[in-house]
Novice: 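Please see the structure below; I have some questions.
Lettering follows sequence order; numbering is per chain, from 1.
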2 protein chains.
Amino acid sequence: MTVTERSRATREKLEDAALNVLQAEGIAGLSARTVADRAGQNQALIFYHYGTLAGLIDAACRRSAEVSTARYRDQLARVATFADLLAVGRRLHEQERELGNVRVMAQLLAGAQQDDALAATARFCLERWQGEIEPVVRRLLRDSPLALVVDAPALARTISAGFVGIELYEGADPDGARDALEALQRLGAVLEAIDDLGPVGRRALRSVLRRAGKSRGET
Amino acid sequence: MTVTERSRATREKLEDAALNVLQAEGIAGLSARTVADRAGQNQALIFYHYGTLAGLIDAACRRSAEVSTARYRDQLARVATFADLLAVGRRLHEQERELGNVRVMAQLLAGAQQDDALAATARFCLERWQGEIEPVVRRLLRDSPLALVVDAPALARTISAGFVGIELYEGADPDGARDALEALQRLGAVLEAIDDLGPVGRRALRSVLRRAGKSRGET
DNA sequence: GTCTATAAGATGATAGAC
DNA sequence: GTCTATCATCTTATAGAC
């Protein structure tokens, strides 16, 4: 094992540990010591390799976002209907939740409120997911009457925010979060049914659009 | 000013400051010192009055939840349609967001992941809001075909989780969060249109229900 | 690159004067 | 009830030996 290989292994252990701490102890439990201990590494190595603790978090979360998004790229590319998207989304959420990645994202966003460095990291991860989800949503909206109501960037962000909200709810009320997710999925299925209504759905949506516009004082 | 009045004033200052810190610096920036400094009070008073820092947070958040929920009780009671609920929800979210209460809730939920005391506090606040929203949703669902798809407790929790998710998104990407909220409101308006479709909507919903049930392997 | 040791300060919580 | 002073511990970060 050469010197550079060893340092690479050290960095990898530190980054993995950083994600583990974020997942298990939250942003409030994060410190150079908790991470280094979990990695089985010396605490001073964090500052040697990353300068600051935020630097390590940034590296860890960016790498994690790359890996996570790549994991579903193929599945998302094959999505053909909103029902497909719901099904893939459900699998994705379940799997990423078990890996702790949704929780990491939630903690990152919670910390981003006060910390500019964490905010930049969070923005990067959010954008990474947006880059995967938005094209799929855009493709689905092309043939859907729902395009009259929402655009792809906004809908993709709504989906991400929904996952984060459910995950936070989960920590305080696991049963309630499960019910909420189930309801969200069912409502998504209802929205998809609009597609199947054809001209009737399109007419209904137009009427909704008119009323929604009026209630916000638009012309 | 009697002795008891002064102590009541001290506790009030501490509790207000606790909420301010949670809102401005997040759960990671919370400490007995940051709270006491912001309150202009001695740090040791926190432990005299509440035993622990978590005790102060609990008292502060419970009081805040009582006040916040009471603020909208009348408006929520007068809600007659899902469109009304969306409108009230929008005003409520905007106002509570400006007061910082949505952010406090988000930070509380983020901290609840690792801290049992904070989790109990978060559960109380969540239940408090649930107690206000659920009856309204239940009332609306009574005359809606949507009742075929979701029940009141789950839908109420979905709404709460959505607000929390959007708020966290807001810290990292304010413009994106605004778009996501807008999309969410428009989709809500679409769901409400199901009501106006009458028998057609009901038939569409039944077909959705069948497919949703099948995809989850139910009979 | 990795280690020990340490600086300089923050943290939750307590003891005891007033 | 409120204050000062203090505890033991934890924090980020650095210096310097290896």
Side-chain angles (χ1 to χ4, degrees), chain A residues 1-18 20-22 24-61 107 111 114-118 120-121, chain B residues 1-18 20-22 24-61 107-108 110-112 114-121:
Chain A
M1 200 193 244
T2 74
V3 179
T4 29
E5 256 177 25
R6 189 179 170 201
S7 97
R8 209 191 53 77
T10 298
R11 284 199 302 272
E12 201 170 303
K13 277 184 210 155
L14 286 173
E15 290 171 18
D16 286 346
N20 287 340
V21 168
L22 226 38
E25 309 192 41
I27 189 77
L30 186 83
S31 82
R33 247 115 184 154
T34 55
V35 173
D37 287 355
R38 195 176 278 258
Q41 298 295 319
N42 191 291
Q43 172 256 157
L45 287 172
I46 291 175
F47 302 97
Y48 172 76
H49 284 295
Y50 305 95
T52 65
L53 182 61
L56 165 58
I57 303 307
D58 187 63
C61 290
Q107 292 296 322
Q114 64 152 2
D115 187 320
D116 289 344
L118 286 181
T121 306
Chain B
M1 200 193 242
T2 75
V3 180
T4 27
E5 255 178 24
R6 186 177 171 200
S7 97
R8 209 191 52 78
T10 299
R11 285 198 300 273
E12 202 171 304
K13 278 183 209 155
L14 285 172
E15 290 170 18
D16 286 346
N20 287 339
V21 168
L22 226 38
E25 309 193 41
I27 189 76
L30 186 83
S31 82
R33 254 117 179 154
T34 57
V35 173
D37 287 355
R38 197 176 277 257
Q41 298 295 320
N42 191 292
Q43 171 256 156
L45 288 172
I46 291 175
F47 303 97
Y48 173 78
H49 284 294
Y50 304 95
T52 63
L53 181 61
L56 165 58
I57 303 307
D58 187 63
C61 289
Q107 292 295 321
L108 193 58
Q114 64 152 0
D115 187 320
D116 288 344
L118 285 181
T121 306

Novice: Quick one: CG on A:Asp116 to OG1 on A:Thr121, what's the gap to the nearest 0.5 Å?
Specialist: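 Interatomic distance, A:Asp116 CG to A:Thr121 OG1, rounded to 0.5 Å: 10.5 Å.
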Novice: What is the distance from CG of B:Leu30 to P of D:dT11, rounded to the nearest Å?
Specialist: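 Roughly 16 Å, once rounded to whole Å.
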Novice: Counting any heavy atom closer than 4.0 Å, what does A:Leu53 reach on the DNA or RNA strands: base, sugar-phosphate only, or nothing?
Specialist: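 Since only primed, P, OP1 and OP2 atoms lie under 4.0 Å of A:Leu53, the category is sugar-phosphate.
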Novice: In terms of side-chain heavy atoms of A:Leu45, which of C:dT4, D:dC3, C:dT2 is nearest?
Specialist: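 Of the options given, the side chain of A:Leu45 lies nearest C:dT2.
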Novice: Check whether any side-chain heavy atom of B:Asp115 lies under 4.5 Å from a side-chain heavy atom of B:Ile27, and answer yes or no.
Specialist: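 Contact flag for B:Asp115/B:Ile27 side chains = no.
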Novice: For B:Arg33 and D:dA5, give me the distance from atom CZ to atom P, rounded to whole Å.
Specialist: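 Roughly 13 Å, once rounded to whole Å.
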Novice: Quick one: is C:dT2 close enough that its OP1 or OP2 comes under 4.0 Å of any side-chain N or O from A:Thr10?
Specialist: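 Yes, within the criterion.
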Novice: Specify the separation, in whole Å, of atom CD1 of A:Ile57 and atom P of D:dT11.
Specialist: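 That distance rounds to 13 Å.
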Novice: Does the side chain of B:Ser31 get closer than 4.0 angstrom to OP1 or OP2 of C:dA10 through an N or O atom?
Specialist: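 No, because none of the side-chain N or O atoms of B:Ser31 sits under 4.0 Å from OP1 or OP2 of C:dA10.
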Novice: Using whole Å, what does the distance between atom C1' of nucleotide D:dT2 and atom CD of B:Gln41 come to?
Specialist: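 B:Gln41 atom CD is separated from D:dT2 atom C1' by 9 Å.
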Novice: Using heavy atoms to find the nearest nucleotide of DNA chain D for B:Arg11 and B:Ala44 separately, return the residue whose nucleotide is more 5′.
Specialist: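 Counting from the 5' end, the first nearest nucleotide belongs to B:Arg11.
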Novice: Show which side-chain atoms of residues 35-48 of chain A pair as donor or acceptor with protein atoms under 3.5 Å away, not counting sequence neighbours.
Specialist:
unit_1, atom_1, unit_2, atom_2, d
A:Arg38, NH2, A:Glu25, OE2, 3.4
A:Asn42, OD1, A:Ala44, N, 2.8

Novice: Distance only, no hydrogens: is a donor on one side chain within 3.5 Å (strictly under) of an acceptor on the other, for B:Thr10 and B:Arg6?
Specialist: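 B:Thr10 vs B:Arg6: no donor-acceptor pair found between side chains.
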Novice: Let me know the distance between OH of B:Tyr50 and P of D:dG1, rounded to the nearest Å.
Specialist: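 Distance check: B:Tyr50 OH to D:dG1 P gives 11 Å.
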Novice: Find the distance B:Asn42:CG to C:dA13:P and express it as a whole number of Å.
Specialist: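 Result: 15 Å.
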Novice: Starting from C1' on C:dA13, measure out to NE2 on B:His49 and report it in whole angstrom.
Specialist: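 Atom-to-atom, B:His49 to C:dA13, this comes out as 16 Å.
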Novice: Which one, C:dT2, D:dA13, D:dT2, comes nearest to the side chain of A:Ser7?
Specialist: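 Closest nucleotide to the A:Ser7 side chain: C:dT2.
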Novice: The side chain of B:Phe47 is closest to which nucleotide in this list: C:dA13, C:dT2, D:dC3?
Specialist: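 Of the candidates, C:dA13 comes closest.
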Novice: Rounded to the Å, how far apart are B:Ile46 CD1 and C:dT11 P?
Specialist: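 The distance from CD1 of B:Ile46 to P of C:dT11 comes to 11 Å, rounded to the nearest Å.
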Novice: Nearest 0.5 Å please: distance from the CG atom of B:Asn20 over to the NZ atom of B:Lys13.
Specialist: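 Going from the CG atom of B:Asn20 to the NZ atom of B:Lys13 covers 13.5 Å.
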